[in-house]
There are 2 protein chains.
Amino acid sequence: MLRRHTDNWVSSFDCQQPLITMSRRITDDIGSNEMDTNSGTSSSRPSESLPYVHKVGVPPKQNLLKEISATVKETFFADDPWRPFKDQSGSRKLVLGLQTLFPILEWGRDYNLGKFKGDLIAGLTIASLCIPQDIGYSQLANLKPQYGLYSSFVPPLIYAFMGSSRDIAIGPVAVVSLLLGSMLKDEIDPTKDPANYLRLAFTATFFAGITQVTLGFLRLGFLIDFLSHAAIVGFMGGAAITIALQQLKGLLGIKHFTKNTDIVSVMRSVWSNVHDEWHWQTILIGVSFLVLLLVAKQIGKKNRKWFWVPAIAPLVSVILSTLIVYATRADKHGVSIVKNIKKGINTPSVKEIFFSGDYLGKGFKIGIVAGMIALTEAIAIGRTFAAMKDYQLDGNKEMVALGTMNIVGSMTSCYVTTGSFSRSAVNYMSGCNTAVSNIIMSIVVLLTLLFITPLFKYTPNAILASIIISAVVGLIDIEAVILIWKIDKFDFVACIGAFFGVVFASVEIGLLIAVSISFAKILLQVTRPRTCILGKVPRTSTVYRNIQQYPEATKVPGVLIIRIDSAVYFSNSNYIKERILRWLADEEEQLREHNQPRIQYLIVEMSPVTDIDTSGIHAFEELHRSLQKRDIQLILANPGPLVVDKLHASKAAQLIGEDKIFLTVADAVLTCAPKLEEA
Amino acid sequence: MLRRHTDNWVSSFDCQQPLITMSRRITDDIGSNEMDTNSGTSSSRPSESLPYVHKVGVPPKQNLLKEISATVKETFFADDPWRPFKDQSGSRKLVLGLQTLFPILEWGRDYNLGKFKGDLIAGLTIASLCIPQDIGYSQLANLKPQYGLYSSFVPPLIYAFMGSSRDIAIGPVAVVSLLLGSMLKDEIDPTKDPANYLRLAFTATFFAGITQVTLGFLRLGFLIDFLSHAAIVGFMGGAAITIALQQLKGLLGIKHFTKNTDIVSVMRSVWSNVHDEWHWQTILIGVSFLVLLLVAKQIGKKNRKWFWVPAIAPLVSVILSTLIVYATRADKHGVSIVKNIKKGINTPSVKEIFFSGDYLGKGFKIGIVAGMIALTEAIAIGRTFAAMKDYQLDGNKEMVALGTMNIVGSMTSCYVTTGSFSRSAVNYMSGCNTAVSNIIMSIVVLLTLLFITPLFKYTPNAILASIIISAVVGLIDIEAVILIWKIDKFDFVACIGAFFGVVFASVEIGLLIAVSISFAKILLQVTRPRTCILGKVPRTSTVYRNIQQYPEATKVPGVLIIRIDSAVYFSNSNYIKERILRWLADEEEQLREHNQPRIQYLIVEMSPVTDIDTSGIHAFEELHRSLQKRDIQLILANPGPLVVDKLHASKAAQLIGEDKIFLTVADAVLTCAPKLEEA
């Protein structure tokens, strides 16, 4: 028996000797006192024939304060934000601090003409894309077109100074506009009371910013990690479908359209009165430009060199369609047009924000939701491009930047803005180098507001609908859904649940489903950890693995080896205890059927058990007692540092027996096996 | 280098040969095709000098339906309730089914006189304890004394037929009475509108029962596991202090007492007007009997043979004090007495329950909270005694029994009942064998209601206060708190938080704190899993362990080995990725300082990673790309079955390289090391 383990060391000895001699040499080497503690029950003398078993490490006792501060650091400062400040002088620390708050101070010093060229082109490209999108998205939020443009002027400027992403393009986005519009509409009717509706929108924007800054400042950025990727994919897809369906109003020229966003109501609106409601001139303009835009999109996809085709197609469509309508005076024939966009830049709106009264609470609530969703989108974009260009993005710093930009935005007639998927991609592909492209875009929007808005008068609404449809199509990520289906079925349910929630009920309900399923998954993971039976992988002496994964692995007769695949906490301790007893009952039943020797040792492989709490300790004590009554020995293998520590602190180690705790499963088996043969 | 691993096999070969020959023999044995897939990059020929590396198992592809049903089974039917039904005939299944619902049918068949003797004594003992407690506890719930006695008559009978615990004693308990009284009082003032207050109490009891049955029936029993042991200890301790403080009213004979339960208000009530309010005769009776009761308690604790002393002390005190008051007519001198307990058994109260109107919702809400707390207490007691006598307790079945008993109770003038800590302990120590002791107790209470209640007329309220104080003292578990402090500091915070919440604010707030902290802990556990650096434990060739736990473990030059101690999900994938990069940055900094060779291989030990989702896969892909840019190889060791499966499904395995996935860390190190030497 003893050969198995000692041969790990054979290499360090002369191989010409018989193994038994070597083992003796090794034992002498270690000294017998170590053997005493580890070699099994006290009844068996620490004889030379027993294999060497390495002691399980008890970590050095840690200072309580140190322990707490380490936990706090790991939870809130996992990114180690002070690393650059280490070993720096006072003035240097101030400079670094300012650079942390305003990254432009850092990258601005190395800025040169070469970089500017890329940024200029990228800035002009995203500006051409954002102007028609802004006008359309503001309608999703039930706001006048100029507010979309305002929101593409101030926030990108703020972000350029404070943000750390080089590729994100800031401005209003489809999903947040829809969500905001949908939630605001539930409080105030935008057609009946547009003034208060606008004020509530600014209030919500203000609190969205406050939420973002607070999360960043309190370093609670990890909260957005609770929304699972799958749920976001489903939610985004559903929102895209909903937004596209909403555009049927503009595209078909329907005048009486439902205010609900679910697919059933919308379809009823669309098909209820085809003859009276559908307007063929509008459809002609809208659909033909939609086809044009989708073709442009395909061209851009086929060849990455032609990425600018879909990027400028919307602006070209707007210009062309406006000229057509102006030339044919189609508006006189019932084609709905934008009519009037207010000329001039943002007006201050601090006084518009509700800082008291009934709407304060409502704006606050809407702001939190919109702020969180906006954050999720921006961080996802930021991380994606940061990974592509391999630079670090500080999530918490990013939140402070996004929040500040929305707070300032709410005071300058902007509504909630964030990073846009489509425009950021265009920005990246046009070769942007820094956030300067956002400044360029902002200047172009400023010029538009100052001089060009009257020219949009004859722009047909149908063209805006086409632009929005072609933009949101990109949010439906079929490939991601297929991948999710392949990888994790539960994730797929979350994805589809969020999708159907948005499409068939409302954006809010879809969001609620997404969050609930995400949480359910976390709770499930915590309450029902996996356990498995281990067997020895053939042709190895120390490798014990899950027998389901390695069907060739063999069980050791008389010994049941179970691995617990999670930390043991109050939420799962009872389940784990009962699951282990169930494994045992199943195994014993099988053994009885085949008339095989009964289980005498139950080895619990604790490698994955990184932590344990009071309930967990109790569960192990109970397990020990239950097994004792059945005359089965409980043996623990490789408990982690915290677990060893707590087993000792609670005296559970003494109850189970310190000599029943081993470094590896192999060690434990080696120690049980000789005794099995005796039995 | 190759020696290290092959020596695992040395034992199976003749040791007289040089090692190198053996390794060749082994390699021949396996065949070179397996070597090909595992031995490293394609550039290195599958030479004989490379060590054998066991293939990582890809588990057999599972049927989707099977997979889902397995998950559902593990989540909701973890206790395998159908085990006894397996391979049984139809009629036998019916009998088994009935026995499942009414365990009395099963144990009743083996019932005999010997068992009855034990049950009779236990039943009489707990009856003597429960009668004075019931009268006191009903006052905590702001109900008349008879309702406490009613609640000790019907529910224990129902439980005796349906429950599976043999030791639990059913009836009103202090904490639930306090909680119920506190929540009901917020809705209806019991002094101003006692009729509706009573009706709301029955409504809450009804819904508490419904909640319990529903949880049991839907097999959601695991939900109560979300309240951590530490939080319960704190909550119970706080509730005990609060209850004891409330008794100062009765004990000191104070007439004008606050309705708040927080310690500040109570202390103000007690000390504000000592001269006018305190009543010395009452204090004399109350305090002297309190001392008597506490002494009795100590006697019981000192010698387990005298457990009956504290068990009958309350009844003896009641009888003695009643006689004293009757003899001295102390009630005429201002000693407050019970006065009148309605004679006769429970009246039907189905019609009293609010099945519509405003109070329906309120009763529902209160019922859920009270039902959950009652459940937590009963299940904790049931589990404790089941573990002590080593029998299995089915949590879900138990919930159905407790729920049914409360539903029936609500229709027969009872309020929420559950298992009582103190009485169950007495029941156990008096030698109960089955739930028949509950039937005995129930009969004694019935006789009391029919014949003896008028005798309680002169019982001083002070004695009830003393009994309650001496009873709830047992709920303060200082030892458990010390143990919690030793084991887990975070648990300690939860415990103390719940305690202070109850004592300084209210029972509800304490409960809210307990639940919130419990959840926070779960979320923390999920978002911030542990990671650690591994080193080779000296004098072993394959054992790699946390270098913090085993400071003697040595790092392999040029290789960084990191273990992730949790499943990788959306909630932590990003953190894990960034934490690994931070470990790497720290390590590289140290190496630079000491002018040591740079890291070329990053091995991620995945043993504890039991599952991964889409976000997790993305995180690994991003990690791979980040490392690639730094010219570091990402290597995975021992991914579990689900992880391997998903790595392949998502093509991430191909991206990382299938030859970069190993069975053990040792295998991975063995494969990197030769290449390091080349470099």
Side-chain angles (χ1 to χ4, degrees), chain A residues 3-4 7-8 10-11 15 19 54 57 59 74-75 78-80 222 225-226 228-230 387 390 483-484 486-488 491 522 524-528 530 537 540-543 546 548-550 565 567 570-571 574-575 578-579 582 607-608 610 613-615 617 622 626 629 641 646 649-650 664, chain B residues 3-4 7-8 10-11 15 19 54 57 59 74-75 78-80 222 225-226 228-230 387 390 483-484 486-488 491 522 524-528 530 537 540-543 546 548-550 565 567 570-571 574-575 578-579 582 607-608 610 613-615 617 622 626 629 641 646 649-650 664:
Chain A
R3 287 177 306 164
R4 281 208 210 142
D7 31 14
N8 288 339
V10 168
S11 55
C15 202
L19 271 167
H54 196 280
E74 220 35 60
T75 310
D79 51 344
D80 200 6
F222 63 86
D225 285 340
F226 281 122
S228 82
H229 168 74
D390 196 32
L483 194 63
I484 289 168
K486 275 191 195 158
I487 298 181
D488 194 320
D491 265 9
I522 291 178
L524 206 64
Q525 167 200 355
V526 172
T527 33
R528 292 290 184 260
R530 289 170 202 280
V537 176
T540 68
S541 72
T542 54
V543 181
N546 186 349
Q548 275 189 304
Q549 186 179 8
Y550 298 90
D565 280 347
F570 61 91
S571 45
N574 197 58
Y575 166 78
E578 290 182 355
R579 190 69 185 83
R582 182 146 72 89
S607 303
T610 50
D613 69 356
T614 2
S615 306
I617 297 275
E622 282 172 21
S626 283
K629 286 196 177 123
K646 290 176 183 180
S650 64
T664 64
Chain B
R3 287 176 306 165
R4 282 211 208 139
D7 33 15
N8 289 339
V10 168
S11 54
C15 202
L19 271 167
H54 196 282
E74 218 38 59
T75 310
D79 51 344
D80 199 6
F222 63 86
D225 284 340
F226 281 122
S228 81
H229 168 74
D390 196 31
L483 194 62
I484 289 168
K486 275 191 196 157
I487 298 180
D488 194 319
D491 265 10
I522 290 178
L524 206 64
Q525 167 199 357
V526 172
T527 33
R528 292 290 183 261
R530 289 171 201 280
V537 177
T540 69
S541 72
T542 55
V543 181
N546 186 348
Q548 273 189 304
Q549 186 179 8
Y550 299 90
D565 281 347
F570 61 91
S571 45
N574 197 60
Y575 166 77
E578 290 182 355
R579 191 68 184 83
R582 182 147 72 90
S607 303
T610 49
D613 69 356
T614 2
S615 308
I617 297 275
E622 283 172 22
S626 283
K629 285 195 180 124
K646 290 176 182 179
S650 64
T664 63

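Quick note on labels: first sequence line is chain A, next is B, and so on, each numbered from 1.
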Rounded to the nearest 0.5 Å, how far does [atom2] of [Y] lie from [atom1] of [X]?
{"X": "A:Asp613", "Y": "B:Asp488", "atom1": "CG", "atom2": "CG", "value": "6.0 Å"}
{"X": "B:Ser615", "Y": "A:Ile487", "atom1": "OG", "atom2": "CD1", "value": "9.0 Å"}
{"X": "A:Ile617", "Y": "B:His229", "atom1": "CD1", "atom2": "NE2", "value": "11.0 Å"}
{"X": "A:Asp491", "Y": "B:Lys646", "atom1": "CG", "atom2": "NZ", "value": "7.5 Å"}

**Request:** Please name all residues satisfying side chain to side chain contact (heavy atoms under 4.5 Å, CB included) with A:Ser626, sequence neighbours left out, ordered by chain then number.
**Result:** A:Leu581, B:Asp390
**Contact class of A:Asn574 relative to chain B, heavy atoms under 4.5 angstrom** = side chain
**Message:** Tell me every residue that passes salt bridge (charged side-chain N to carboxylate O under 4.0 Å, His left out) with A:Arg528, counting only those two or more places apart in sequence or in another chain.
**Reply:** none
**Prompt:** So which part of B:Thr527 gets closer than 4.5 Å to some heavy atom of chain A, the side chain, the backbone, both or neither?
**Reply:** side chain
